[in-house]
J.: 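Sending over a structure as structure tokens; questions will come in a sec.
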Amino acid sequence: MEECISVFDMLKIGVGPSSSHTLGPWRAAERFLGELRNELLLHAVIRVKIDLYGSLSLTGKGHATDLAVMLGLSGQDPEYIPIENIAAIIKSIESKNEINLGNEKPIPFYFLQDIVFNKNFLPFHANGMTFTAFMNDDKEYKSTFYSIGGGFVVKEERINAKKKIQIKCAFPYPTDKASELLEYCKNENKSISEIVFENEKSMRTEAVIDHELIRIWHTMLECMYIGCHSEGILPGGLNVRRRAFDMHQNLIGLANYNSPQSWLEEIRKTEVKFRQILKWVSCFALAVNEVNAALGRVVTAPTNGSAGVIPAVLMYYLVIENHQAGEKQIKQFLMVAGEIGSIFKKGSTISAAMGGCQAEIGVSSSMAAAALCELMGGTPEQVLMAAEIAMEHHLGMTCDPIGGLVQIPCIERNTMGAIKAINAAELALATDPENAKVPLDKVVETMWQTAKDMNNKYKETSEGGLAIAVNMADC
């Protein structure tokens, strides 16, 4: 048993556009500040330098990695910072050539010189970064971090590994593989969400679990709402026009609402023919990832680049499949999704820099398919089958963002992942699990082997695929 992964590890609230290239480096900067404080060095620092390596360097500009580390070093929290404050903070750093380290000590900072993009890769992981603090006594303090996907940050020595194992032992139902999860369900006569809930209760109270799950959902709902009501061109230079706004206007008509929840209720009243359902699901997914591309607040699920799949599928269930559904079903959905994501993280990867887009859209589609299947009455066997079907048809998907931006093909891919998730859930519900030929654990293993075999230029480097075939000038 390697690590204890909570639902709240897999579903994190943060800022776009990338969990591995934005949220991860942001959190790494926060941890570096923590180390400086622990060593009583913070107020002795006169300069900091950040070296970005590998994928963080190759696509870091498009993913706002440089902005993220500046915000993190400034002591800002990605979960709570007012989005409207970000531009002003960055502008202040760049215009004053000064950063307020940890929001405690102003020091000189020249972002063009003090953030270095190194194209070479560090051996431990494709997303490596080294922070160096220079002291007024000519001493230096260095620390290297790796952003391994989904906002998770580790150091090569994995100093937290022992702590994670101890937490894992507190789980009544510790799980690394789908087969273990299924065995618990059979032995305890519980659904997957019930097993997950028991594990979560070993770490936090029921009240906290309920509150945090609903906070995650409200963030997702607000993100969809903002995306459907925002028009214009996305930042970054590709001149990508937002599409969710126009699509939403055509679908919603003259409905009257004044909040995300009343908006949800109005959608329930709209026409639900097959084409409209496809458009609504696509609209929800587009909305989230357009917000993500504009450095808005999203829920990493399991990454920012794939943040639209799970909200879109859950919204589909609420507004199309079950108009009586409420908080009970929302919490159930999120717990199942989180558990499936953790199985992929432990057995493979959720980092596109390690495994291509199969590790992001593929995993998110698998998570959503499983969660939807349980809400639709699927048995644990069928739920795991839904997860397997969704991933099976994403195997080998490359990550080749044009211009290093989480826009093309990333935004559209969320719509495809959401639709595949719904289809996978329906296929699983219509299938006797006894006739299944491919278990989920085999797909997880295959995904990891595929990731290792994949050429590095298709792993979030913008050195192959669409990123080469279509350049910025074409856009």
J.: Do the side chain of S74 and the main chain of Q76 share a donor and acceptor less than 3.5 angstrom apart?
T.: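 Judged by distance alone, no pair lies under 3.5 Å.
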
J.: Would you verify whether the NZ or CZ of K279 falls within 45 degrees of the ring axis of F284 while also being under 6.0 Å from that six-membered ring's centre?
T.: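 Output no; distance or angle outside limits.
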
J.: Quick check: H125 with Y53 (ring centres under 6.0 Å apart)?
T.: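 Judged by ring-centre distance (under 6.0 Å), Y53 and H125 do not meet the cut-off.
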
J.: May I ask you to decide if E339's main-chain N or O and S342's side chain share a donor-acceptor pair within less than 3.5 Å?
T.: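 Present.
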
J.: Determine, step by step, whether V116 and K49 satisfy the side chain to side chain contact (heavy atoms under 4.5 Å, CB included) criterion, reporting the C-alpha distance in whole Å, the side-chain angles of both residues, the deciding distance to 0.1 Å, and the verdict.
T.: CA-CA 8 Å; V116 182; K49 176 189 172 192; 3.7 Å; yes

J.: Using the side chain to side chain contact (heavy atoms under 4.5 Å, CB included) rule, take L23 and V15 through it: C-alpha gap first, then chi angles, then the decisive distance, then the call.
T.: CA-CA 7 Å; L23 182 59; V15 174; over 6 Å; no

J.: Scan I320, I310, I267, V281 and name whichever one has a side chain to side chain contact (heavy atoms under 4.5 Å, CB included) with M315.
T.: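 The passing option is I267.
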
J.: Test side chain to side chain donor-acceptor pair (under 3.5 Å) on T130 and T144; report intermediate values, then the result.
T.: CA-CA 4 Å; T130 298; T144 298; 2.8 Å; yes

J.: Given L71, which partner from the list I90, D77, T22 fulfils the side chain to side chain contact (heavy atoms under 4.5 Å, CB included) test?
T.: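 Testing each of I90, D77, T22 against L71, the sole residue satisfying side chain to side chain contact (heavy atoms under 4.5 Å, CB included) is I90.
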
J.: Do the ring centers of H21 and W26 come within less than 6.0 Å of each other?
T.: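 Between W26 and H21, which both carry aromatic rings, the centre distance is not below 6.0 Å.
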
J.: Look at the aromatic rings of F131 and F32 and report parallel, tilted or perpendicular, splitting at 30° and 60°.
T.: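 Aromatic pair F131/F32 classed parallel.
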
J.: Just how far is it from atom CD1 of I402 to atom OG of S462, taken to the nearest 0.5 Å?
T.: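 So the gap between those two atoms works out to 9.0 Å.
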
J.: I'd like to know if the side chain of N322 and the backbone of A325 have a donor-acceptor N/O pair within less than 3.5 Å.
T.: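 Judged by distance alone, yes, a pair lies under 3.5 Å.
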
J.: Do side-chain atoms of R31 reach the backbone of V153 as a donor and acceptor pair under 3.5 angstrom?
T.: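 It does hold such a pair.
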
J.: Is it true that a side-chain atom of S262 and a backbone atom of S259 form a donor plus acceptor pair closer than 3.5 Å?
T.: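 Such a contact is found between S262 side chain and S259 backbone.
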
